[in-house]
Protein chains: 2
Amino acid sequence: MSGVAEKFARLTPVPAYQMVAEAIEREILSGRLRPGDPIGTEAQLVRQFGVNRSTVREGIRLLEQGGMVQRDSSRRLAVGLPHYDQLATRASRALILHQVTFRELWEATMALSLATIDFAVERATEEEIATLEANIDATEARIDDPAAVAAYDSEFHLLLEKTARNRVLELAREPSNMLIYPTTHVAVQGTEQGARRLVEAHRMLVQALKLRDKELGRLWTKRHLIDWRKGFERGGNDLDQAVDLVTAPAALA
Amino acid sequence: MSGVAEKFARLTPVPAYQMVAEAIEREILSGRLRPGDPIGTEAQLVRQFGVNRSTVREGIRLLEQGGMVQRDSSRRLAVGLPHYDQLATRASRALILHQVTFRELWEATMALSLATIDFAVERATEEEIATLEANIDATEARIDDPAAVAAYDSEFHLLLEKTARNRVLELAREPSNMLIYPTTHVAVQGTEQGARRLVEAHRMLVQALKLRDKELGRLWTKRHLIDWRKGFERGGNDLDQAVDLVTAPAALA
DNA sequence: GGACTATGATTGTCGGACAATCCGACCTAA
DNA sequence: TTAGGTCGGATTGTCCGACAATCATAGTCC
């Protein structure tokens with residue numbers, strides 16, 4: 001509210017360690033350095049950038065955590081290909097910090113799951129269907145163990161995403177997946193029927209893939225998620241409560 | 001292939017700087033440290049963790065880049081609330097490194113946009129509609145400037161997401177948004193009509209919000225995105241080419 | 001040829017140092 | 001009283017040098 005217009009932008013001198021990180025990142029994004037390529041040793045970087053080793057190391061740490069650089073077996077640095085769960089972990093944690101509600105999570109998962117099943121129905125191969133069925137069988141074998149059921153459920157949906165063959169969608173889903181599927185063990189714990197309904201839904205989803213029937217897939221995706229919500233609420237949870245580490249403890253690891 | 005069974009897992013000693021980062025992160029995620037709270041000074045952390053300052057600093061850099069800690073005005077460290085575009089920037093870059101195709105991007109955007117318009121139709125307020133209309137008017141005023149049109153287009157869809165009031169969806173969309181909307185200026189550059197069709201689509205989307213008509217919203221969302229695709233292809237691009245920095249130069253900043 | 005060893009290179013950690021900057025208390029002048 | 005100026009301590013960013021542990025590699029021995 002200072003009556004005068006802002007004439008000067010804020011000066012923000014960039015620390016050297018950030019410049020180091022950005023310089024390396026530029027090389028990677030431009031394609032001159034490709035995943036797997038070794039970045040030089042710290043001593044080399046010191047010479048190239050003309051800064052101290054401590055500074056170089058701080059710059060490297062900036063990139064390390066995002067997966068842009070990795071340490072291979074011998075701790076040597078190489079360009080990394082950031083994997084989804086790595087990014088998704090960050091995103092999940094951000095969602096927790098932003099105190100998003102389970103309702104938001106559920107709504108988004110619904111929308112994304114419907115898109116996933118559409119593509120999966122279009123593109124599923126025999127092989128993928130077999131893998132999914134194997135997962136369902138495994139789930140059934142341990143149907144009395146809520147934790148195991150939740151783990152297999154998580155895997156099932158991961159496989160389904162691979163079947164949809166869209167990596168952008170996959171990345172978009174991952175954060176909410178990480179928060180919602182681990183709560184399945186709560187959702188199926190309440191009722192004896194919970195786990196069986198889950199398995200039935202999975203079977204019908206695979207059936208939809210076989211028949212290439214999108215409507216069937218969408219129908220059971222909805223039922224499946226509505227079941228999750230009911231179980232979640234039956235477990236004494238409120239859909240409008242914020243996601244936290246207690247209820248969705250998967251974002252640790 | 002050593003005939004003996006592997007009895008022990010590989011020991012992977014965790015570097016001290018990582019332990020520092022994880023310790024701080026745990027405090028944040030547990031809620032004991034909340035966004036805005038000051039983390040101690042480096043000297044304090046040195047005392048608490050019993051490691052060297054260089055080590056503490058490397059640990060801090062690990063967190064800094066993900067937005068988990070921020071430096072405030074005086075460069076003092078405080079717990080940060082990672083913002084979406086910060087995470088999305090990383091995600092976009094990952095998508096580039098993974099060489100996802102524009103087709104994947106387009107498919108995912110379609111699915112996510114349809115979800116967004118559904119929620120937006122449900123929840124739009126008068127005020128939000130007015131803001132969106134102001135954006136459209138501004139677009140129209142500079143309809144001959146492809147770069148300006150692209151910028152306003154980007155903003156329009158951002159506003160639409162806010163209107164949908166689902167932060168999980170917002171976060172999920174952001175990476176693809178960052179890659180796809182900046183290419184709009186290519187898409188509308190080809191034809192005189194491109195920009196006008198874009199404005200028309202925006203008007204109809206707002207109309208859908210006013211009438212609370214989901215079908216209308218979905219219809220124009222589809223048309224809008226199909227227009228984008230046609231423009232993109234007319235610009236000499238192949239939908240199956242990998243996203244790169246040249247075609248989608250927004251991930252720099 | 002294969003197992004073993006010595007050597008050098010590299011990383012992780014430490015200690016100390018200093019300039020630049022920021023914060024806060026104190027002081028001065030209108 | 002309050003706006004503005006001064007000063008000292010605290011803090012960060014950067015540098016230097018050092019060393020143990022580990023890894024890679026070449027060379028050696030059987």
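Lettering follows sequence order; numbering is per chain, from 1. Below, each value reflects all heavy atoms present in this structure, side chains not excepted, and no hydrogens, waters or symmetry copies.
For C:dT13, the OP1/OP2 oxygens have no side-chain nitrogen or oxygen of B:N52 closer than 4.0 Å.
For a distance-only test at 3.5 Å, the side chain of A:R71 fails to qualify as a donor-acceptor partner of the base of C:dG12. Within 3.5 Å, a donor on the side chain of B:R53 pairs with an acceptor on the base of D:dT14, or the reverse.
Note: CD1 (B:I39) to P (D:dT11) measures 15 Å, nearest angstrom. Regarding A:L62, its CG atom lies at a distance of 11 Å from the P atom of D:dG13, rounded to whole Å. In this structure, A:Q70 atom CD and C:dT11 atom C1' are separated by 17 Å, rounded to whole Å. Atom CD in A:Q44 sits roughly 11 Å away from atom C1' in C:dT10 (whole-Å rounding). What separates CG of B:L77 from C1' of D:dA10 is a distance of 14 Å, to the nearest Å. Protein atom CZ of A:R57 is 15 Å distant from nucleotide atom P of D:dC15, rounded to whole Å. The distance from atom CD1 of A:I60 to atom P of C:dT10 is 13 Å, rounded to the nearest whole Å. Following rounding to the nearest Å, B:E58 (CD) and C:dT11 (P) show an atom-to-atom distance of 12 Å.
Between the side chains of B:D244 and B:Q99, no donor N or O sits under 3.5 Å from an acceptor N or O. If you check the side chains of B:E104 and A:N166, you find no donor sitting under 3.5 Å from an acceptor.
Nearest nucleotide to the B:V51 side chain, out of C:dT13, C:dC14, D:dT12: C:dC14. The side chain of B:R76 lies closest to D:dT11, out of D:dG13, C:dG12, D:dT11. The side chain of B:R61 lies closest to D:dG13, out of D:dG13, D:dC16, C:dT13. When distances run from any side-chain atom of A:T55 to the nucleotides D:dC15, C:dA17, C:dT13, the shortest one goes to D:dC15. In this structure, the nucleotide among D:dT12, D:dT14, C:dT11 sitting nearest to the side chain of B:T41 is D:dT12.
Between B:Y17 and B:V51, the closest side-chain pair of non-hydrogen atoms is not below 4.5 Å. Counting heavy atoms from C-beta outward, A:Q70 and A:E64 have side chains that stay 4.5 Å or more apart.
Look at B:R165 and B:E128 and you find a salt bridge, because one of the NZ, NE, NH1 or NH2 atoms lies within 4.0 Å of a carboxylate O, short of that distance.
Along DNA chain D, the nucleotide nearest to B:E42 and the one nearest to B:S54 differ in position, and the one closer to the 5' end is contacted by B:E42.
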